[in-house]
Structure formats: structure tokens, C-alpha cells
Amino acid sequence: MPSPALTAGLGLKAEHYDAAVSARACGLWFEVHPENYMVAGGPRLGWLEAVREQHPVSLHSVSLSLAGESEPDAAHLRRLAALAVRIRPALISEHLAWSAWNGHYFPDLLPFARTTEALHRIAANIGRAQDALGTAIAIENPSHYLRFDGHAWDEIDFLAELARRTGCTLLLDINNVHVSARNLGYSAEAWLDRFPQALVSEIHLAGHSQDPALGESLLIDSHDAPVAPEVWALYRRFIERAGARPTLIERDGNVPAFDALMHERSMAEATLREGTPTRQSRNASHPAPPPQIRTCGATAYGSCLGS
């Protein structure tokens with residue numbers, strides 16, 4: 001039996017479990033933070049398994065702390081691996097950030113200086129995670145709120161080198177691109193045009209908000225609003241160059257009705273259907289991928305888009 005094709009998906013919320021189970025849309029998939037399901041049983045895990053019986057599921061981790069000074073917690077990795085065996089996720093991803101230090105966990109994804117020492121450390125931690133999980137993971141570009149001293153590497157070069165050393169793929173969060181570009185004062189379009197399309201196995205789209213005190217001068221990757229027009233424009237720009245990629249609509253605050261999220265999903269799916277890379281627009285140093293990218297348990301894109 002052919003693997004299911006992933007087109008556009010949604011972040012799964014508890015209030016939408018029933019709607020998610022009953023939803024029928026070609027290429028629909030759901031993403032969860034595995035930390036909420038790393039248990040031996042109970043209703044929450046049962047709901048996730050019910051959704052998984054109907055749709056592909058992706059695990060988007062937030063606590064491996066891959067950029068931290070220490071190795072990922074071994075017990076945490078074992079629990080994550082056990083969940084992956086149970087759920088058989090289509091994709092597994094984590095952030096280029098740190099969130100733990102000396103056994104203490106922080107409720108945020110924190111920045112670091114992109115040094116060669118950090119490159120070695122993070123590559124080793126990605127390797128440990130991939131060995132424990134038995135599959136490649138995708139690493140997400142972070143959002144930035146202020147200029148950080150001490151960088152020896154350009155961000156895109158750093159991500160590409162991590163992929164080269166570890167075999168990981170990249171999760172391109174386009175809202176993070178927009179937020180970071182606005183906050184730090186560079187061109188989101190130019191940054192996106194340099195991004196290595198062949199390494200992208202997943203895309204995230206989300207809404208953002210303005211800082212209550214600083215307004216438009218500081219955007220926050222808050223995931224509490226619809227995807228902004230500027231982010232949709234960047235998304236279309238990338239898809240036109242790179243072709244279709246599994247795309248997730250993230251919503252973590254002010255969560256609307258399931259139908260409203262499915263409407264945003266339909267907008268992403270329409271872009272995936274319409275976007276076809278042109279030979280002239282392909283970056284010669286990062287050629288376009290083949291028509292399908294194999295993930296943990298699904299085809300990245302395919303028959304649902306008419307290919």
C-alpha cells in the first residue's frame with residue numbers, strides 16, 4: 001500500500017480531537033508536541049492514537065535543548081522514542097535553541113551564539129537524538145528578537161552545515177523568517193531566497209502579534225492569530241521556487257473553531273497546488289528535490305496535489 005501523502009496540516013488541539021478524527025481531506029495531517037503525550041496510557045494518549053488511525057501525525061518537540069551545553073536527557077529521549085514507536089510519526093522535528101541547563105527546564109526556546117564550538121556540540125546532540133529515534137529529524141529556524149553578539153556563522157550557513165554533518169533536514173518556519181527580519185531589520189525575501197530548498201522537509205505557518213509596549217517595532221511569534229498576509233506572500237514566494245512541501249498551520253492561542261483552521265489549511269493547500277518551481281529560479285548550489293521526499297512514515301507530497 002502506498003504511503004499517505006502529506007499536503008497541508010494543522011496543529012492538533014484537545015478541543016478539536018473529535019473533529020480531527022472525523023475530518024476527511026486528502027493530505028490532511030496533524031502535529032503535536034510529544035511532551036504532552038509521553039505517558040504510558042490515559043485518555044490523552046488514547047485520543048492521539050484515535051487521530052493517528054485516521055491521519056498521519058508529526059511530532060514537534062520543544063524540550064530536547066539541542067543547543068544546550070549538555071547532552072539531551074537520556075530518559076527523555078527514551079520516552080520520546082517509545083512514543084514514536086507507538087505513534088509511527090510521519091515527521092519528527094525540534095528547534096535550533098536551548099531550553100535546559102543544569103537539570104532545570106525553562107519555558108522558552110533560548111538563543112545562542114553560532115560559533116564553531118556550538119556547531120560541533122549541536123551536531124553531536126542531533127546525532128544522539130537521531131540515533132535514539134532511529135530516523136532523521138528536522139531542525140527549525142528560530143525567531144529572533146534582538147541582535148546577539150558572538151556569531152561566527154551566518155544562520156543559513158549554520159543550518160546547512162548541521163544538515164551536511166548529521167543528515168538532518170530543515171523545518172522552515174516562515175513566520176519566524178518574517179518576525180526575525182522585521183525585528184532585526186533585514187529583508188525577509190532575500191533571506192528566504194538563500195534558504196537551501198533541497199533540505200526542507202516541512203514548513204510552518206503561524207500568526208504573530210506586536211509587543212504590548214513597543215508595538216510594531218517588536219513582533220512576537222505568538223501563534224495566537226491567523227497567518228498574516230506578509231507571511232502568506234513569503235510562503236507563495238518559496239513554494240514557487242522550491243515546489244510543494246508538507247505545510248503546517250500552527251495555532252496555540254486564541255484557538256478558533258476547527259472549521260476556521262481548516263479554511264487556513266485550504267489556503268495553504270491551494271498554494272501547494274499552484275506552486276511549481278521553474279528551472280530558471282532554482283538555486284544551482286541547492287537543486288530542487290525529486291518529486292517526493294520520504295519521511296518517517298509518509299510521502300512528503302504526491303497524489304493529493306495531482307503529481
Side-chain angles (χ1 to χ4, degrees), residues 1-64 72-95 105 129-138 140 169 171 201-204 206 223 246-253 255-262 264-265 268-269 293-304:
M1 177 180 295
S3 299
L6 305 183
T7 58
L10 299 176
L12 180 62
K13 300 302 172 189
E15 57 265 47
H16 296 154
Y17 281 141
D18 291 341
V21 169
S22 60
R24 295 294 179 269
C26 188
L28 174 63
W29 55 288
F30 292 94
E31 187 161 275
V32 299
H33 297 310
E35 291 81 1
N36 294 325
Y37 300 90
M38 289 161 54
V39 292
R44 180 180 286 265
L45 184 58
W47 291 329
L48 180 61
E49 290 180 316
V51 172
R52 179 62 186 89
E53 288 178 1
Q54 301 298 326
H55 307 285
V57 167
S58 173
L59 301 180
H60 187 48
S61 180
V62 295
S63 59
L64 287 181
D73 180 82
H76 180 90
L77 264 179
R78 286 194 295 270
R79 291 193 295 271
L80 177 58
L83 179 66
V85 169
R86 188 165 190 163
I87 297 300
R88 295 168 287 113
L91 299 159
I92 303 176
S93 55
E94 181 52 279
H95 302 78
Y105 283 83
Q130 293 183 151
D131 287 347
L133 295 167
T135 189
I137 64 174
E140 178 181 332
T169 60
L171 191 169
S201 59
E202 182 180 349
I203 292 172
H204 277 185
H223 296 188
T247 299
L248 184 85
I249 304 295
E250 293 185 290
R251 190 66 174 266
D252 296 314
V255 178
F258 186 76
D259 286 348
L261 293 177
M262 285 293 285
E264 280 198 292
R265 177 204 176 261
E269 187 174 38
I293 293 175
R294 286 288 168 180
T295 60
C296 303
T299 301
Y301 42 89
S303 59
C304 287

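- In terms of heavy atoms, G11 sits closest to L248 at N-CD1, 3.6 Å.
- Put simply, the side chain of M262 reaches to within 4.5 Å of the side chain of L28, judged on heavy atoms.
- Using modelled atom types, one side-chain atom of H95 and one backbone atom of S61 make a donor-acceptor pair closer than 3.5 Å.
- H204 is linked by a ring pair (Phe, Tyr, Trp, His ring centres under 6.0 Å) to H60, counting only residues two or more places apart in sequence or in another chain.
- Taking both residues in full, the closest heavy atoms of R265 and A8 are given as NE-O, 2.6 Å, listed atom of the first, atom of the second, then distance.
- Between L261 and L10 the shortest heavy-atom distance is O-CD2, 3.5 Å.
- Under the 3.5 Å distance criterion, the side-chain polar atoms of Q130 are matched with a main-chain donor or acceptor of I137.
- Side chain of E35 to backbone of S63: a donor-acceptor contact under 3.5 angstrom is found.
- Residues L45 and V39 come closest through the heavy atom pair CD2-O, 3.4 Å.
- Of all non-hydrogen atoms in L64 and E94, the two that sit nearest each other are N-OE2, 2.9 Å.
- Although no hydrogens or angles enter the test, the distance criterion places no donor-acceptor pair under 3.5 Å between the side chain of R86 and the main chain of R88.
- Under the rule for a side chain to side chain donor-acceptor pair (under 3.5 Å), R44 has no partner lying at least two apart in sequence or in another chain.
- For H76, the ring pair (Phe, Tyr, Trp, His ring centres under 6.0 Å) test picks out no residue, with sequence neighbours left out.
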